[in-house]
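Worksheet: the structure to be examined is printed underneath.
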Amino acid sequence: MELIKSGFGLHKHKNQEILNPTSILMAQIADHFISDLQIDVKKKEEYVETSEMGKINIEDHEAMDALIKSKHENTHTRLLSELLETERKYVQDLEEVCSTYLPLARDPAKRSSLFIDRPRVASGVARRLHSCPTINQSYNQHTGESGPPVDRKQICEMLGNVEDIKDYHKKVMLPKLEKACSNSNLMRDLFECEKSKLSIKYGRYCINTERSSSIIAENLQFFSLLQTTRGLQLRVDAQLIKPVQRITRYHMFLSGLAKASADLGNDEASADYSAALDAILAVADHTNTMMWVGKMEGCPIRLCSQGHLLKHGKVLSRRICGSFKIRNKWPCHLLLFQQAAVLCRIVDKTEEQKNPNLQYLTHVSLNHIKDLMSKNSKTFEIHKLKQVEGDLPDYEFQKSEVIMKLEFNDEDEKETWRKIIKAEIDQLNSMAFSL
């Protein structure tokens, strides 16, 4: 500093400072220059420090992105692994159900390997001539308890088509899933191609759940003791609910895989899983409908034996005998299965409810329908073949009677119903003639 000042003529002479105005001005300029230089150095140091911090921040962001990506990859891998492992466990559970309860539905002659509880005979007392072994699978040797045996027919109704579902998953779904877990496109093809079969098999199972639960409730003691005797982890009701839950689990896994793929930026894989999810959502919607239909009150026929549910919807049912007045109409629900048309009365007062309570009204087998006769633009009658006296074959049926008189919202809806019923009748007739 002194050197700079001296250069501008600011110095001492004989203990006195000689002040030159020009020199003073130049000194002030020098002071400003030095001050500005110091400020520039400080700013440069701050800039360098900020740049270093920026590098550190960039590195932190990259590390965070890598961590997030790794997390999404782990989620994706975990979901695929759980999907496959739960499928294997599901097949094992179904095999346990079949091996435990299907033998109870067999004929006595085929149950030779089952435990037989023979009636005890007191010593010295002759055995009755016609006494025979009785099957009592719930007998507990430790407590001496036994529940009333369950009829074989009830066991069959309780199990429904669980054996068919077991074979389907063991031979079809599991092998295909093992291949599809490495390729999202294969996963999409699997669920889109199997959507129809899944709907039919699980729809048939779900429509029977109400009847199955009723049989279990009626024979709870038998099944509880059987669980204890066999050392089963779960009772039959907890085992038979697993097919219903499986569709929901597919939904959960595919939804998670679609999201994880989108988070990883793999739009193609995300689209594949989303398409598979759409297929399973359609299956779930159908199974929910079948569970609702299965709760119908007072139905005398086994709905699970009527084939696939082709169409259903609200109609007005007119009184068969009487005038076409408003008071002779009832809000109803028409269900068209592959083998029968079932008409139900809507019990709930609120007709806007999506799934109202249904009460059985009448039904007709499709191969017994003689004609669908239009009455006006919105109404047609279903005429059922009426058998004359004697046991005559179907082709000799001549007379008919009105079994249903239905009114629809408009002519288009009426024609849609009429065409689909007629098409199904024609298909049944063609199958009958080919046999």
Side-chain angles (χ1 to χ4, degrees), residues 90-91 93-106 150-170 173 194-220 222-223 226 234-250 280 282-312 333-344 347 355-361 363 365-366:
Y90 178 53
V91 170
D93 292 339
L94 293 178
E95 287 181 328
E96 182 182 42
V97 170
C98 293
S99 63
T100 302
Y101 297 100
L102 278 177
L104 301 179
R106 294 173 184 162
V150 184
D151 183 77
R152 295 196 304 272
K153 182 180 177 182
Q154 285 188 314
I155 296 291
C156 288
E157 292 180 2
M158 177 190 75
L159 295 175
N161 63 324
V162 68
E163 186 177 23
D164 178 41
I165 291 176
K166 182 261 295 182
D167 292 338
Y168 172 70
H169 279 268
K170 185 176 182 179
M173 286 298 294
E194 298 300 322
K195 180 176 74 171
S196 178
K197 289 183 179 179
L198 285 168
S199 295
I200 292 172
K201 293 179 185 295
Y202 278 88
R204 182 183 174 192
Y205 185 85
C206 288
I207 201 173
N208 190 59
T209 53
E210 189 72 13
R211 175 59 179 156
S212 179
S213 299
S214 175
I215 293 172
I216 294 172
E218 292 171 4
N219 302 277
L220 200 57
F222 175 89
F223 291 116
L226 178 61
L234 298 173
R235 200 172 59 193
V236 63
D237 49 342
Q239 290 177 309
L240 292 180
I241 198 65
K242 290 186 178 182
V244 180
Q245 296 171 335
R246 189 59 190 165
I247 299 299
T248 305
R249 299 202 74 178
Y250 284 144
I280 209 65
V283 175
D285 184 64
H286 178 72
T287 55
N288 288 337
T289 298
M290 298 298 275
M291 289 187 72
W292 162 62
V293 172
K295 296 178 181 179
M296 184 193 309
E297 301 174 7
C299 185
I301 61 173
R302 289 194 66 194
L303 295 174
C304 61
S305 302
Q306 303 307 313
H308 190 54
L309 180 63
L310 303 173
K311 184 175 176 61
H312 67 96
H333 208 91
L334 181 61
L335 306 162
L336 179 63
F337 295 90
Q338 288 177 312
Q339 298 180 22
V342 182
L343 186 64
C344 314
V347 178
N355 294 330
N357 292 331
L358 302 178
Q359 185 179 62
Y360 171 84
L361 194 59
H363 80 280
S365 297
L366 296 190

How far apart are the closest heavy atoms of [X] and [Y], and which atoms are they?
X	Y	value
T287	G203	CG2-N, 4.0 Å
V347	L358	CG2-C, 4.1 Å
W292	P356	NE1-O, 2.7 Å
A340	Q306	CB-OE1, 3.4 Å
C206	V244	SG-CG2, 4.2 Å
I165	K201	CD1-O, 4.1 Å

Note, E95 side chain near K170 side chain (heavy atom, < 4.5 Å):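 Counting from C-beta outward, E95 and K170 do come under 4.5 Å.
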pair L336-L309: side-chain heavy atoms closer than 4.5 Å: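 Not in contact.
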Between F337 and H308, ring centroids under 6.0 Å: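 Between F337 and H308, the centre distance exceeds or equals 6.0 Å.
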Check: H286 ring centre within less than 6.0 Å of Y205 ring centre: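 Centroid separation for H286 and Y205: 6.0 Å or greater.
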Pi-cation contact, F223 with R235 (under 6.0 Å, within 45°):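 No.
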Charged tip of R246 within 45° of Y250 ring normal and under 6.0 Å: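 Judged by the rule, R246 and Y250 form a cation-pi pair.
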Carboxylate-amine/guanidinium contact E157 R211, below 4.0 Å: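 Looking at R211 together with E157, the answer is yes, because their closest N to O distance falls below 4.0 Å.
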Side-chain donor or acceptor of T289 paired with backbone N/O of D285 under 3.5 Å: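 Here the side-chain-to-backbone pair exists.
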N288 side, atom CG; N355 side, atom CG - distance, nearest 0.5 Å: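 Going from the CG atom of N288 to the CG atom of N355 covers 8.5 Å.
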K195/L198 under side-chain contact (heavy atoms from CB on, under 4.5 Å): CA gap, chis, key distance, verdict: CA-CA 5 Å; K195 180 176 74 171; L198 285 168; 5.8 Å; no
Candidate pair Y101 and V150, rule side-chain contact (heavy atoms from CB on, under 4.5 Å), full reasoning: CA-CA 11 Å; Y101 297 100; V150 184; over 6 Å; no
side-chain contact (heavy atoms from CB on, under 4.5 Å) assessment of R249 paired with Y90: CA-CA 11 Å; R249 299 202 74 178; Y90 178 53; over 6 Å; no
Between Q239 and E96, a side-chain donor and acceptor under 3.5 Å: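 Side-chain D/A pair, Q239 to E96: present.
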